[in-house]
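Here the structure comes first, spelled out in structure tokens, and everything after it is commentary.
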Amino acid sequence: LDINDIGFLSAPDEMSASGWMTYNYTPDGKSKLINRGEFNFNLWKNWLYAGRKGYDAGTGELVWSYNPGHRQGGGGNINSWMQYRGFQESWWGIEYYPESTQRHETRGGPLISEPATYGGWFGGQTDSRKTLTLSLDGNHFRDVEQNHSTNLTLGGHWNQSSAVNHDVSVTFSNRIDDTQYLETVNLSERPGGLGIGGLSYVFAKIHQQTLNLTLRTNLLFSRNKSLELYLQPFITTGDYTNARELRTPDTYDLVTYGEPGYRAQDFDFRYVSANLNAVYRWEYRPGSTFFLVWTHSRA
């Protein structure tokens, strides 16, 4: 039981419907290749529960609105997981999202459309019963406007002994998105854009690359005492080009943002950090535990 599930909402102001079918493959030793597996088919659809209205920042006139039950998104996927006779595992899936609506991209402003998106994922790992287990996991998604993202993770788990184990993973992410939000500009203060109700919702194309290395070590001194160590060096860069603004609410209609001297490149970033955590646990009696935590960060 996760107590947060009782009252947790992944997002407010939504209505959702979903359905799925699963086929469990259990050959009971009759297959020369597969121990067991699953095949899944999923569909979902969601809507915005309440309507909203937006007014001109200067005159107070109504400039955009949408009604309760406005479409938000939906999609479907087919995926599978297999465990082979040697206890290796693999998984894969393909997914499709038709054109959808993003409420939060304008940070409180009008809706903006999200182009139809498609992609998939894959992965596998070696026999988890062994002392050393290796894994590979990746995914790639793109939309009809040629925005795309790719993520790849290599991992390893080493059971050094019954009381000591280590995990290492390296993840690389590459993302290109031409609707990365930059800012909302009040045209009465900074003229130059077209605006919607006196406000320009400015986006740019971003090329972001991220690399992180995650290291974990768990040491069990006894059933009541343990030490967990965590280290993650992290590097990410973001390069912006082609500043544009939303011209028509609830569409993907973007035009060049025209404020004189405006440079999307001024929002470029480079960020490097390293985070280290150490947690010592002492369960001095059943159900009663002390945690001693030390954390260190640099950026």
Side-chain angles (χ1 to χ4, degrees), residues 10-22 39-52 54 64-80 91-123 137-153 172-182 194 196 200-210 238-257 264:
S10 59
D13 192 32
E14 284 187 3
M15 297 184 293
S16 300
S18 61
W20 69 94
M21 293 187 295
T22 299
F39 296 91
N40 305 289
F41 175 64
N42 302 275
L43 288 173
W44 61 89
K45 179 73 174 175
N46 49 53
W47 302 264
L48 294 169
Y49 179 78
R52 288 178 65 223
W64 57 265
S65 66
Y66 59 85
N67 296 322
H70 188 285
R71 69 128 194 221
Q72 179 162 261
N77 70 50
I78 299 171
N79 67 82
S80 176
W91 52 87
W92 62 270
I94 54 175
E95 196 159 73
Y96 177 74
Y97 303 87
E99 183 179 347
S100 59
T101 299
Q102 295 290 339
R103 174 184 172 186
H104 303 290
E105 287 292 299
T106 57
R107 309 304 195 267
L111 302 176
I112 182 173
S113 293
E114 180 82 9
T117 303
Y118 54 92
W121 64 91
F122 66 92
D137 199 27
N139 63 68
H140 178 77
F141 287 88
R142 64 174 53 241
D143 64 28
V144 295
E145 297 293 333
Q146 302 307 308
N147 303 306
H148 59 85
S149 67
T150 302
N151 301 277
L152 186 65
T153 300
F172 175 73
S173 301
N174 183 68
R175 180 173 73 100
I176 293 179
D177 185 353
D178 66 359
T179 52
Q180 177 65 50
Y181 175 84
L182 291 185
L194 295 177
I196 298 173
S200 285
Y201 301 93
V202 185
F203 299 84
K205 183 176 183 178
I206 186 174
H207 182 198
Q208 183 177 8
Q209 294 182 305
T210 303
D239 297 311
Y240 291 93
T241 57
N242 192 25
R244 299 189 297 168
E245 65 173 306
L246 182 64
R247 178 164 61 180
T248 309
D250 203 7
T251 69
Y252 199 73
D253 183 12
L254 295 130
V255 296
T256 300
Y257 179 59

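Numbers here are sequence positions counted from 1.
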Interatomic distance, CD@Glu245 vs CD1@Ile196, rounded to 0.5 Å, equals 7.5 Å
Contact check, side chains of Met15 and Tyr49, non-hydrogen atoms, under 4.5 Å
yes
Within a strict 4.5 Å, meaning less than it, do heavy atoms of the Arg244 and Asn242 side chains meet?
yes
Does Glu14 come within less than 4.0 Å of Arg103, counting only side-chain N to carboxylate O?
no
Any heavy-atom pair between the side chains of Asp239 and Gln208 that's under 4.5 Å?
no
To the nearest 0.5 Å, what is the distance between OG (Ser149) and CG (Asn139)?
6.0 Å
On a heavy-atom basis, the closest approach of Gly76 and Leu43 is CA-CD2, 4.0 Å
Tell me, with the steps shown, if Tyr118 and Arg142 meet side chain to side chain contact (heavy atoms under 4.5 Å, CB included).
CA-CA 6 Å; Tyr118 54 92; Arg142 64 174 53 241; 3.4 Å; yes
Are Glu95 and Trp121 side-chain neighbours, meaning at least one heavy-atom pair lies under 4.5 Å?
yes
Verdict with supporting geometry, Thr248 and Asp253, side-chain hydrogen bond (donor to acceptor under 3.5 Å, both in side chains):
CA-CA 6 Å; Thr248 309; Asp253 183 12; 2.9 Å; yes
List the steps and the verdict of side chain to side chain contact (heavy atoms under 4.5 Å, CB included) for Thr251 and Ile112.
CA-CA 5 Å; Thr251 69; Ile112 182 173; over 6 Å; no
Report yes if the side chains of Asp250 and Thr101 come closer than 4.5 Å at any heavy-atom pair, otherwise no.
yes
Does Trp20 CH2 have over 12 foreign heavy atoms under 6.0 Å away?
no
To the nearest 0.5 Å, what is the distance between CG on Leu254 and CG on Asp178?
7.0 Å
Do Arg52 and Tyr66 have side-chain heavy atoms sitting under 4.5 Å apart?
yes
Student check: side-chain heavy atoms of Trp91 and Ser80 closer than 4.5 Å
no
Are the side chains of Met21 and Phe41 in touch, meaning some heavy atoms are under 4.5 Å apart?
yes
Heavy-atom donor-acceptor pair, Asp137 side chain to Thr153 backbone, under 3.5 Å:
no
Working to the nearest 0.5 Å, report the span between OG1 of Thr22 and CG of Asn40.
4.0 Å
Take a 6.0 Å sphere around NZ of Lys205 and say whether it holds more than 12 heavy atoms from other residues, nucleotides or ligands.
no
Please assess Arg71 against Lys45 for the test side chain to side chain contact (heavy atoms under 4.5 Å, CB included), listing each intermediate value before the final yes or no.
CA-CA 9 Å; Arg71 69 128 194 221; Lys45 179 73 174 175; 4.3 Å; yes
Separation between CZ of Phe172 and OG1 of Thr210, rounded to the nearest 0.5 Å:
8.0 Å
Could you give the distance from CG (Asn174) to NE2 (His140), rounded to the nearest 0.5 Å?
9.5 Å
Take Leu111 and Trp64 through the test side chain to side chain contact (heavy atoms under 4.5 Å, CB included) and record every step on the way to the result.
CA-CA 9 Å; Leu111 302 176; Trp64 57 265; 5.9 Å; no
Determine the interplanar angle of the Tyr97 and Trp44 rings, folded into 0 to 90°, and report it as parallel if under 30°, tilted if 30 to 60°, perpendicular if over 60°.
perpendicular
